[in-house]
Student: 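Have a look at this one before I ask anything.
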Amino acid sequence: MTEILTPRLMLRRWHEDDLVPLSEINGDPEVMRWIGDGSVHDLDETAEDIERWEEEWDEEGFGVFAVELLGSGELIGAVGLSMPDYLPEVYPNVEIIWRLGRQYWGQGYASEAAQATLEFALQDRGLDRVVAINRAGNDESENVIRKLGMVLERDTTYPGQGHLLQIHSIDLTEYEA
Ligand SMILES: CC(C)(COP(=O)(O)OP(=O)(O)OC[C@H]1O[C@@H](n2cnc3c(N)ncnc32)[C@H](O)[C@@H]1OP(=O)(O)O)[C@@H](O)C(=O)NCCC(=O)NCCS
């Protein structure tokens with residue numbers, strides 16, 4: 001079982017009990033504003049998210065972690081690695097993603113989980129390169145990308161939607177947390 005501990009967080013695979021707290025996060029329009037078509041995900045769609053991430057874990061040996069706060073044990077969101085199916089031009093690169101409940105923003109948790117994810121990508125999975133795909137205007141996400149030391153590679157557009165996307169990457173062989 002894959003579990004990572006950071007000073008304040010546990011990154012782990014998904015449990016049944018995560019469905020309701022993740023659906024509350026996924027039901028917040030502010031959280032979902034820059035994700036996919038920007039619509040919120042209801043309980044069924046949240047179950048599909050978890051199922052997709054768990055399938056990825058089984059098939060690829062990496063995936064999106066459930067992020068839990070140490071101490072209270074509350075689920076604060078999802079951070080991890082995913083194949084960007086919506087943007088085939090990026091293949092075979094793996095994407096790092098992050099999504100936290102709004103009450104957990106501004107406390108450094110996303111960056112803490114993302115750093116641990118990059119270390120996992122390199123040390124456990126031998127990935128030497130990870131990309132981050134950010135919708136232009138998502139400044140909070142851009143800030144995490146910048147702090148991780150990821151560099152802007154190119155702009156592209158979201159297929160079928162036309163939104164401007166910025167592709168950043170990091171060479172993990174050079175990465176130092
Ligand atoms: C993108 C997102 C994950 C960023 O979360 P975040 O909380 O802003 O990011 P961080 O973890 O880097 O924390 C940010 C701030 O916490 C503050 N902070 C407070 N305590 C801290 C601590 N102990 N350690 C570090 N930072 C701390 C810092 O000031 C930091 O801001 P700064 O970098 O300007 O100094 C969040 O906005 C989100 O979930 N958005 C919706 C989903 C989304 O759009 N995802 C992107 C598409 S995949």
Side-chain angles (χ1 to χ4, degrees), residues 4-11 14 18 21-42 45-46 48-50 52-53 56 62-72 74-90 93-121 130-153 155-170 175-177:
I4 299 176
L5 290 178
T6 71
R8 297 180 295 170
L9 306 170
M10 179 191 285
L11 279 58
W14 294 86
D18 297 323
L22 184 65
S23 75
E24 283 163 10
I25 294 169
N26 277 349
D28 180 344
E30 275 298 304
V31 171
M32 299 305 283
R33 178 172 174 206
W34 304 102
I35 295 174
D37 65 2
S39 61
V40 297
H41 293 186
D42 65 16
E45 290 162 321
T46 300
E48 285 166 21
D49 287 342
I50 293 177
R52 196 179 63 251
W53 291 336
E56 208 156 26
F62 57 75
V64 175
F65 293 101
V67 182
E68 184 178 308
L69 209 52
L70 289 178
S72 71
E74 60 205 288
L75 182 85
I76 68 166
V79 175
L81 302 170
S82 182
M83 293 304 296
D85 293 335
Y86 62 95
L87 197 63
E89 67 174 76
V90 170
N93 289 291
V94 176
E95 177 187 14
I96 184 166
I97 68 161
W98 33 71
R99 182 188 312 172
L100 299 187
R102 216 187 320 168
Q103 67 270 42
Y104 306 108
W105 295 3
Q107 298 173 68
Y109 293 141
S111 295
E112 189 168 318
Q115 279 173 7
T117 297
L118 291 183
E119 283 163 34
F120 168 81
V130 165
V131 298
I133 304 163
N134 196 44
R135 280 261 306 273
N138 188 351
D139 296 337
E140 289 84 3
S141 187
E142 176 76 33
N143 185 39
V144 179
I145 288 170
R146 187 184 48 74
K147 286 189 288 183
L148 290 172
M150 302 187 87
V151 292
L152 180 62
E153 223 174 60
D155 292 343
T156 190
T157 48
Y158 202 123
Q161 295 185 18
H163 302 306
L164 179 61
L165 298 176
Q166 294 169 324
I167 301 176
H168 301 75
S169 67
I170 187 163
Y175 177 68
E176 282 178 49

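We use all heavy atoms of the structure for the numbers below, so side chains are in, but hydrogens, waters and symmetry mates are not. Whatever order the structure lists ligands and atoms in, that order sets their numbers, starting from 1.
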Student: For Asn26 and Arg99, work out which heavy atoms get closest and say how close.
Tutor: OD1-NH1, 2.7 Å

Student: Give me the nearest non-hydrogen protein atom to atom 34 (O) of ligand 1 as residue plus atom name, then the distance to 0.1 Å.
Tutor: Asn143 ND2, 3.4 Å

Student: For atom 3 (C) of ligand 1, which of Gly108, Ala110, Ala78 has the closest heavy atom?
Tutor: Ala110

Student: So which protein heavy atom does atom 10 (P) of ligand 1 come closest to, and at what separation?
Tutor: Ser111 OG, 3.6 Å

Student: Does an N or O anywhere in Arg99 fall below 3.5 Å from an N or O of ligand 1?
Tutor: no

Student: Looking at Asp85 and Arg52, is any side-chain nitrogen of the basic one under 4.0 Å from a carboxylate oxygen of the acidic one?
Tutor: no

Student: For Leu87 and Thr157, which heavy atoms make the closest approach, and how far apart are they?
Tutor: CD1-O, 4.0 Å

Student: Are Leu148 and Ser111 close enough that some pair of their side-chain heavy atoms sits under 4.5 Å apart?
Tutor: no

Student: Short question: side chain of Glu45, backbone of Asp42 - any donor-acceptor pair under 3.5 Å?
Tutor: yes

Student: Ring-plane angle category for Tyr86 and Tyr158, please: parallel below 30°, perpendicular beyond 60°, tilted otherwise.
Tutor: parallel

Student: Please report the shortest heavy-atom distance between Leu100 and Ala110, naming the atom on each side.
Tutor: CD1-N, 3.6 Å

Student: Identify the closest protein heavy atom to atom 41 (C) of ligand 1: which residue and atom is it, and at what distance?
Tutor: Val31 O, 3.2 Å

Student: Could you tell me whether some N/O pair between Ser141 and ligand 1 is separated by less than 3.5 angstrom?
Tutor: no

Student: Do Asp49 and Val64 have side chains that approach each other closer than 4.5 Å (heavy atoms only, starting at C-beta)?
Tutor: no

Student: With the threshold set at under 4.0 angstrom, would you say Arg8 reaches ligand 1 through any of its heavy atoms?
Tutor: yes

Student: What protein heavy atom is closest to atom 8 (O) of ligand 1, reported as residue, atom name and distance in Å?
Tutor: Gly106 N, 4.0 Å

Student: Heavy atoms only: which of Trp105, Tyr104, Trp34, Trp98 is nearest to atom 48 (S) of ligand 1?
Tutor: Trp98

Student: Among all the protein's non-hydrogen atoms, which is closest to atom 21 (C) of ligand 1, and how far away is it?
Tutor: Gln107 O, 3.2 Å

Student: Which is closest to atom 14 (C) of ligand 1 by heavy-atom distance: Lys147, Met32, Gln115, Glu140?
Tutor: Lys147

Student: Tell me: protein heavy atom nearest atom 39 (O) of ligand 1, and distance?
Tutor: Leu100 N, 2.8 Å

Student: Please give me the minimum heavy-atom distance between Glu89 and Thr156, naming the atom from each residue.
Tutor: OE1-OG1, 2.9 Å

Student: Please check if a non-hydrogen protein atom sits closer than 4.0 Å to atom 29 (O) of ligand 1.
Tutor: no

Student: Check Asn138 against ligand 1 and report side chain, backbone, both or neither, counting heavy atoms closer than 4.0 Å.
Tutor: side chain

Student: So Leu75 and Trp14, do their side chains get closer than 4.5 Å, heavy atoms only?
Tutor: yes

Student: For ligand 1, indicate whether the residue Tyr109 contacts it via side chain, backbone, both or neither (heavy-atom separation under 4.0 Å).
Tutor: backbone

Student: Going by atom types only, do Ser141 and Trp98 share a side-chain donor-acceptor pair under 3.5 Å?
Tutor: yes

Student: Give a yes or no on whether atom 18 (N) of ligand 1 lies under 4.0 Å from any heavy atom of the protein.
Tutor: yes

Student: Could you find the nearest protein heavy atom to atom 4 (C) of ligand 1 and give me its residue, atom name and distance?
Tutor: Val144 CG2, 3.8 Å

